[in-house]
Structure formats: structure tokens, C-alpha cells
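Read through the structure below, which is laid out as C-alpha cells, and then see the notes.
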2 protein chains.
Amino acid sequence: MIPLLWRTAHPPRRGPSRGLSVDAIVQAATRLADASGLEPLTMRALAGELGVAPMTLYTYVPGRAELLELLVDHAVLTMARRGFDGLGWRERVSAVAEDNRALHRAHPWVAAVDPARPVLGPGTMAKYEHELAAFDGCGLSDVDRDAALTFVLDFVTASARAEARSSPETDEAWWAGAGPVLAAVMDPSSYPLAARVGTAAGEAQRSARHPDHAWAFGLARVLDGLAALVEPQIV
Amino acid sequence: MIPLLWRTAHPPRRGPSRGLSVDAIVQAATRLADASGLEPLTMRALAGELGVAPMTLYTYVPGRAELLELLVDHAVLTMARRGFDGLGWRERVSAVAEDNRALHRAHPWVAAVDPARPVLGPGTMAKYEHELAAFDGCGLSDVDRDAALTFVLDFVTASARAEARSSPETDEAWWAGAGPVLAAVMDPSSYPLAARVGTAAGEAQRSARHPDHAWAFGLARVLDGLAALVEPQIV
DNA sequence: AGCTTACGGTGTACGCTGTATGGAGTGCGC
DNA sequence: GCGCACTCCATACAGCGTACACCGTAAGCT
């Protein structure tokens, strides 16, 4: 798998020339996944999109799981990365978070791929290298630097998942159906806090600018959480 | 779905008595999922476990997706919840986090279920009610209280996913295979930070007590992050 | 009592998935 | 010019979730 990610396979010496390329496949698959998600991205659908028979794909890629890893690494390689010049650590970490949020908005399926093992491709490596640098000068040990980055990225992924799960319109429609049923079945006095907070949160969620509020809230917590670790070091 | 979660369906008036029950199905399915994960939990396998034909399950449950929601709600209903008596907010929030970690350790598949919509069953409601109370006296608005809880739970889920993905032994074996290949293909001087930090983090990860360190690190960040929001209020 | 009807259980079958296998055609290397 | 390595693909298989039709059962109605 790793040689495939790094495009290290030597070109074939014999036989007819290849009609496709791993990159062409990755590009088409990305287009399909962007359009309709990961589930409809089947080997048959992808082959159809490329005008070849399904089994042809297997001459380029060992299987679907590996294809998904290629997709992720490619998405991550080509994502926007803003520079860190002249920024303080909070701004740098915010930039990393925002870049990743943009990635998940452009390719919502990225958060849904879960590779059995870390995807050690050029995209992932470049991303890791870049993002680790956000913690330069923070006085973190190598292990803590990695943990801090994981902490930030896990937050972004969780936010992206939440955001992907719901849009204001579909939420509205769903609550219109589920709300009455729930009210009929559950006694609010058994769950006083949940009923009150859940209602408030639910209403907020249906407002258009809620995702941005939730994001700002979470990111502030992440930064404050790291500050306690970092700022004693940099004064 | 909601009436099914709340077991609100009226018993049948005619016909032969039922040989199974939703609870029996949920119990067997949980046993199967605990033993081997979510993927081998097929309708056929579950039916076999229960000694009925596969289609029989559909008289109790609309489909597999709904079954998984039932599983989650049941797991969440029966999870251990430690009390909050006499604890400060940090200890209460830690307790919530630890309880959820225990849940994910007992039922690693819980983090892998992703329902299209929130699972509004009795388990989820009881959990929400209980966990919201951890933020009593913190001076949070209802919306922020919900956001704070989400923040904590998202962290726990991300940790659980990471922990489920890897165990020290299989990691060791995998790195033994992937390491040399990666070294052959990637130029470490192109990724100086990544190579150094990645190596340190990878070595730490393979040590037996790493999961606990990662957990402590993340939980400390979560609490510190919330502290900046909470403690001005409670002095 | 007997007919009707709702209901539980299930055999069969459909459409879908990823992919193993083997064969036909192609072009380089000997 | 022979053989082999290679691309491409048709067919096929095992597995999935589940729609549908059917049979037997037992309760309600007349």
C-alpha cells in the first residue's frame, strides 16, 4: 500500500499501454464522493464513470479500502495550508483548525473514512510536518506536541461529523416529525434538565448561524486548554 | 422508531404468541457485537444466534439501522454512572468522561454506530439528563451547557476510536512491516519535524501505558479549556 | 360454533456489494 | 518470431439487507 501511496511502482515493461492511471482514478473517485458521499462510491459506479469494466480498476488498486486511503491522502495533499509567518501560537493553531475545517467542508467524506492503519502517504506526511510546526516555540516535548496536534484535529473532526450529520432544513423537517412523537412518549418531568437544555440547544441548532457558534465555542475551549500547557513556557 | 425505543407499542391482539422480544434481540445482538464487532453482526448471524429464520427479526425491528440504534440506547441506558455528591465541577466532568470511557471499553462498537439522527431513547435521555448536571453551578447558559457537554463527549469518543484502532502488539507487528518500506520510499530530510516527532510519538504509542498518558493529556486539556469559561463564574 | 381477520414465522428471491478466476488481446525482450 | 508479462474484462461467487407471498394460529365477531 505504501508504495502505491508514494507512486513508487516501476512502469510495466511489457503489454499494452495503460488506459488509466491511479491519479485519474483518484480524481474521478473524489468527484463522485464529493457529489454523493462514500456509500454510492462503488467499484462499479466508479468504473462506469471512467468508462471501463469494474474489474479493470483492480489492475490499478488492490481494493476499495486502499482506494479510500488514496482518496484521503490526495485530499490532504491538495488542501489549502495557510502560512504561519508572524503569527502567535494561538493564531497558528487556529489556522490549522480552520484549514482542516475547510478540508472537511470541501470533502465531507474524509471524516467517514476510517483506515485500519494510519495513512502514511505524501499528503498525510506533508500535512503532519506543516501542522506540527504550529507548535514551534511552545516548549512542548515531541510526544506532547503530537498529542496536542491530535487533540486539535480530533476536535475538528468531531465538529465536521456533527455538521455533516445535519443541515438546518432537514433538521427542521425531522423535528417536526419526531417532536410530537417524543412528547407523547416521554415524560418531560422525568428529564427536567434534558428537556430544558435540549430544547434550548435544539432551537439554537436550527438557527442558521449555529454551526459557527458551536465552532467558535469549541475552538476557544481547545485553545484555552492548550494555553495552560503552553503559555507558562513562552511567557 | 421512537415508540420502539421507548417500548410503547401495544401488544398484539390476535395471532400466535411471540417467541422472542425486542429485549432478547437487543441482548443477543449486544453479545455478538461485543464479541466480534459491528460488521459480523448481520441479520442472518443474529437470527442464527437466536434460533430463528432471518426474516423473523423483521417482525420485531424495522431493519438493521434501527437495531443498531436500539443497541446504542440500551448500552447507554445500562452503563455505570457515578454520582456527583460533594464533587467540584472538575471532578464531576472527569467522572462523566471516565464513565464514557468505560462505556466505550465495554462496547467498542458504540463509537462506530453513526445514526442518521440523534437516538432519542430512554437511555440517551437518562444519560443526557445525568451528564448535564455535571455542569450545575457553573454559570453556563443552556446552550453553552449543551456545547460544553458535547465538547467533553466528543473528546472521549475520539479517544475511544483511537484506542480501538490499535493495540500495542498489533502496532508493533505493523510497524515492523511498514517501517522499512516507509523508510525506503520517503526522504526523512523532507519531513524533519514529522520524522522526529512521529518517531517519538510512535515509540511512545507502543509502550503499554501510552493510552493512559494520552487520555490524561487530553482530559487535562478539556478541563483546562472549560475552566476558562467556568471558573470566573464560580470563583 | 364457526367464520373472519390480524398476526407471527419463514422460504424464496431480488438487487446490490466487493472481488476471485480465467481467458483474450497486445506489445516488449530475447 | 516466439514467449512472456501485461492490460482489460466477462463471468461467477459469496455475502449482504430485505420485499413479498404464503401458511398456520388464535382471538374477536356474528
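Chain letters run A, B, ... following the sequence lines, proteins first, then strands; residues in each count from 1.
- Note: CG (Leu20(B)) to P (dC7(C)) measures 18 Å, nearest angstrom.
- Here dT7(D) is the nucleotide among dT7(D), dA10(D), dA6(C) with the atom lying nearest to any side-chain atom of Thr59(A).
- Residue pairs meeting the ring pair (Phe, Tyr, Trp, His ring centres under 6.0 Å) criterion with at least one partner in residues 54-76 of chain B, sequence neighbours excluded, are absent.
- Donor-acceptor pairing under 3.5 Å is recorded for the side chains of Arg117(B) and Thr170(A).
- Contacts with DNA chain C (heavy atom under 4.0 Å) in residues 26-45 of chain B: none are found.
- Taking atom CG of Leu46(B) as the reference point, atom P of dG15(D) lies 18 Å away to the nearest angstrom.
- Atom CE in Met55(B) sits about 17 Å away from atom P in dC23(D), given to the nearest Å.
- For the pair Ser17(B) and Glu66(B), nearest-nucleotide mapping onto DNA chain D gives the more 5' position to Glu66(B).
- Taking atom CZ of Arg64(A) as the reference point, atom C1' of dT17(C) lies 9 Å away to the nearest angstrom.
- Across the protein-nucleic acid pair, Leu50(A) atom CG and dC8(D) atom P stand 11 Å apart, rounded to whole Å.
- Between Asp146(A) and Gln205(B), the side chains place no donor N or O within less than 3.5 Å of an acceptor N or O (distance only, hydrogens not considered).
- The backbone N or O of Leu120(B) sits less than 3.5 Å from a side-chain atom of Trp6(B), completing a donor-acceptor pair.
- At the phosphate of dG8(C), OP1 or OP2 sits under 4.0 Å from a side-chain N or O atom of Arg18(B).
- With dT26(C), dC7(C), dC8(D) as the choices, the nucleotide that has an atom nearest any side-chain atom of Tyr60(A) turns out to be dC8(D).
- Between the NE2 atom of His10(B) and the P atom of dA27(D) there is a distance of 17 Å, given to the nearest Å.
- Put simply, OH on Tyr58(A) is 6 Å from P on dG18(C), counting in whole angstrom units.
- Nearest to the side chain of Arg14(B), among dG28(D), dA5(D), dT19(C), sits dG28(D).
- When all heavy atoms are compared, the tightest approach of Glu98(A) to Trp215(A) is OE2-NE1, 3.3 Å.
- Residues Trp109(B) and Glu39(B) bring no donor and acceptor atom of their side chains to less than 3.5 Å of each other.
- Defined by atom type and a distance below 3.5 Å, a donor-acceptor pair is present between the side-chain atoms of Asp187(B) and Ser189(B).
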